[in-house]
Amino acid sequence: MPEFKYDHIVVRYGELSTKGKNRKDFTKALTHNIKVRLKEYPALEYRTLHDGLFIRLNGEDYEAIREDLRQVFGYSYFSGAIIVDKDLEEIKKTALALANKRDYKTFKINTRRSDKSYPLRSDDINRQVAGHILRNSDLKVDVHEPDLMIYIVIERDDAIIMDEKVKGIGGYPTGVNGKALLMMSGGIDSPVAGYMTMKRGLRIECLHFASQPYTSKQALDKVLTLAKMLSVYQGDILVHVIPFTDLQLAIYKHCDESYAITIMRRMMYRIADRIAKGRKIGLITNGESVGQVASQTPESIAVIAKVCDTLIMRPLCMMDKIESIDMAKKIGTYETSILPYEDCCTIFEPRNPVTKPKEKECLYYESLFDYESLIDECIRGDEMIKLSYTDKENEDLY
Amino acid sequence: MDRKVYFDNVATTRTDSDVLKTYKDLLDKHYCNSDALYDDAVTISNMMERSRENIAKLLNVEKEEVIFTSGASEANSLAIKGLCLRNKDKKHIISTIYEHSSAYNALRQLEDDFGYDVTYLMPGKDGKIDPEEVRKNLRPDTILVSIMLVNNEIGAVNDIDEIKKIVKKHSGTYFHSDITQGLGKIDIDLKDVDMASFSAHKIHGLKGSGVLIRKKHVELLPLINGGQQEYGIRGGTANALVDIVLAKTLRMALERQKESYRHIEELNAYFREQIKEVKGVSINLDNGIANLINISTPIESEVLLNALNAKGIMVSSKSTCGSKKNEPNRALKALGIDDDHAIRVSFDYENTKEEIDHFISCLKEDIDKYARV
């Protein structure tokens, strides 16, 4: 028995929850995203279908592609497939090979005809193919819970034979809903927020506040590693690294300790607002969750967000920590997030941060120093780093 | 910022260009297993034995007493565990609270997993172990006294000549010393020292290279089992070419010792003079080895380390072997020094006064900017 190999992948886009012109844009974006995600497989050939994409493997590794394809948002499912002539004998032979692929005990055939002119009806094809497998193997038919489901689709030009349907991870094609700026600390929550934002069809850029020397080079590397991990969903990613130390020191010099974090967050949002506007980004997102820390009480969030008129969305706002941890584990960022490098240095952590800050107080403290020019400095110091999960460094060395 | 100042010579040193060249030349030519019997292998084996012989001469020991290891950590492990596990009838060990982690953790293992009893001596205010304390703590069942020559965190120099005399009088007890930080800086007399460990990379040699001096009367249980290599004490195909260049490394270190240490002493004095001008900084130990100065500053060590790193200055906040764990610094703690604010500056003969000036001015700048808010 020759080793069984798929020669195609069929991606089905499904409903995409949208119609008309939008739908066309969506499918175009999705096709583009799939091609970007699979750019490391140069031999692939693509053919668009009315409801999906045919990918001819040309010898590329299906198992590897299978994993990568599962990191693209927006399609319904895909299947590894073999495409043969519409000749029934060919179909039988291929279905039998598929049935012998693994140690299956039971199977079922499910045929659909797109080409209604095909001389056999779906049910006839089911019977004939099933009969062939029954005669030539030890498998039995089980119409309720088969180990193996073989799908046969009779198209206009050929027949597609598939087994598993691999479900997509849902969402919208990244990019169809514009861009978002993700405030990224390096903790557990922000990468999850980034993932959820991309899942709703937004392309993200990241914004990180670096407090060197209070934070180390390793802390920044960790943020860049996390950003790289997120880039698998959109190809590449731009990280804005803002030198934040001088502004932070000024805050601690001029403000009461209890208000320091509130003012610091207001400064961060002011900077985010300016970066977003400069980059024509309409949405700011981050990992804030209601009540998680003093600066994330409803009162704090309200006072802090007042300084920013770009729309802010907080995907995790009503999630428990344990839920974001689970999600971080699922998307693979957790282990990196918990590396023990400080983000917003602990020596800046006030002993008694205010949980119900007043705007009047904030304005008072902010009037005590020229924060505008410090913010200008931050914006000027924005180091933009473009990263991609495909970046390779020192390949030769290893 | 292109300028780099390397003040972490206690962690490791730059590989000497002569040593490196010799090593590269050997690598280009030789690959055979030194234990094989054909000519090309015998050539390597002969060179390795010549190296062993030269090392022995330089240290005034016998050729058979030189055991090549992968470094001082392995040598310490082998000395301590190898000796104790070979002589299990006595189960008491005397050591110090501030041994290098390779020795300290070997001792901890003997305590926790093999039922040994270890007395950890505390240093005095001068950072040194009082030999009298060794005498007082010796017991009939003391199998080993293991005390480092120079402490790698604060630079205290122990009087091992005095200590070995005390141990020598106590029959059945062996004396081991980790001489890594003293080698190439101060004179060392290995007479009556039963075992001594050091590594090559602290004296401008290669990483992955070290020696355990083990006097002939000392029996050890091998930790790495193998064939006939290293007199059956340390198995595994020899890292022959690395072992070969260790003789040259050691010879050069000892040849320049006097001159380079004089220069280092000058740097030390200059540093102490200059640091007086930096407010809030104090020196944690006087009269230590000249190439190591431990200071306390008003800034948290980690923050200062990052700030200096951003300016291309490389120093340590704690022993590099413990730098990624949040373990307290045993040496500083023993002296009652806050290890959150201490940094270790360590020089080499290649450093200059001008580098110290640069360091001092960067330190001043950082303290002005970051000393607490």
Side-chain angles (χ1 to χ4, degrees), chain A residues 186 208-225 241-261 263-264 267 335-336 338-353 365 368-369 371 374 377-378 381 383, chain B residues 1-8 11 27 207 278 280-281 295-318 320 322-328 338-345 358-373:
Chain A
H208 176 69
F209 297 94
S211 305
Q212 287 175 347
Y214 295 101
T215 55
S216 62
K217 173 81 174 34
Q218 289 94 312
L220 176 60
D221 286 346
K222 168 178 148 180
V223 169
L224 299 180
T225 303
V241 180
I242 303 291
F244 196 56
T245 313
D246 289 349
L247 181 50
Q248 226 173 343
L249 288 170
I251 294 169
Y252 281 83
K253 194 167 157 200
H254 296 286
C255 307
D256 186 82
E257 201 187 89
S258 64
Y259 264 76
I261 292 284
I263 306 287
M264 187 185 84
M267 297 302 167
E335 294 300 325
T336 303
I338 59 169
L339 290 175
Y341 307 117
E342 312 186 25
D343 38 65
C344 212
C345 186
T346 46
I347 77 157
F348 284 124
E349 229 163 69
R351 279 179 291 271
N352 295 304
Y365 289 124
L368 299 177
F369 67 110
Y371 68 82
L374 287 165
E377 279 301 311
C378 287
E383 187 189 349
Chain B
M1 197 281 298
D2 293 313
R3 176 162 193 191
K4 296 268 182 191
V5 174
Y6 187 69
F7 276 172
D8 200 17
L27 268 181
K207 273 82 175 163
V278 190
V281 175
I295 60 173
S296 287
T297 82
I299 311 180
E300 250 187 60
S301 336
E302 202 185 320
V303 174
L304 182 55
L305 218 67
N306 292 337
L308 291 172
N309 175 46
K311 292 172 173 151
I313 296 175
M314 293 170 261
V315 294
S316 282
S317 65
K318 51 172 85 169
T320 316
S323 67
K324 284 171 185 158
K325 286 194 208 159
N326 232 346
E327 278 171 9
D338 168 17
D339 61 354
D340 277 346
H341 288 80
I343 61 165
R344 182 183 75 183
V345 181
H358 181 61
F359 171 84
I360 298 281
S361 90
C362 291
L363 181 65
K364 271 187 196 161
E365 239 176 68
D366 291 333
I367 288 179
D368 283 346
K369 190 161 181 186
Y370 305 115
R372 188 58 169 157
V373 189

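Sequence lines set the chain letters: A, B, ... in the order given, protein chains first and strands last, and positions in each chain run from 1.
The line from OH of A:Tyr214 to CD of B:Glu300 is 9.5 Å long, rounded to the nearest 0.5 Å. Atom NZ of residue A:Lys217 and atom CG of residue B:Asn306 lie 11.0 Å apart, to the nearest 0.5 angstrom. In this structure, NZ on B:Lys369 lies 3.5 Å from CG on A:Asp246, to the nearest 0.5 angstrom.
Summarising the geometry of A:Pro213 relative to B:Ala307, their closest heavy-atom pair is CB-N, 3.2 Å, with the distance given to 0.1 Å.
Residues satisfying the side-chain hydrogen bond (donor to acceptor under 3.5 Å, both in side chains) test with A:Asp256, not counting sequence neighbours, are A:Ser258. Judged as a side chain to side chain contact (heavy atoms under 4.5 Å, CB included), and not counting sequence neighbours, the contacts of A:Glu383 are A:Val241, A:Ile385.
Few gaps surround CG on B:Asp368; more than 12 heavy atoms of other groups in view lie less than 6.0 Å from it.
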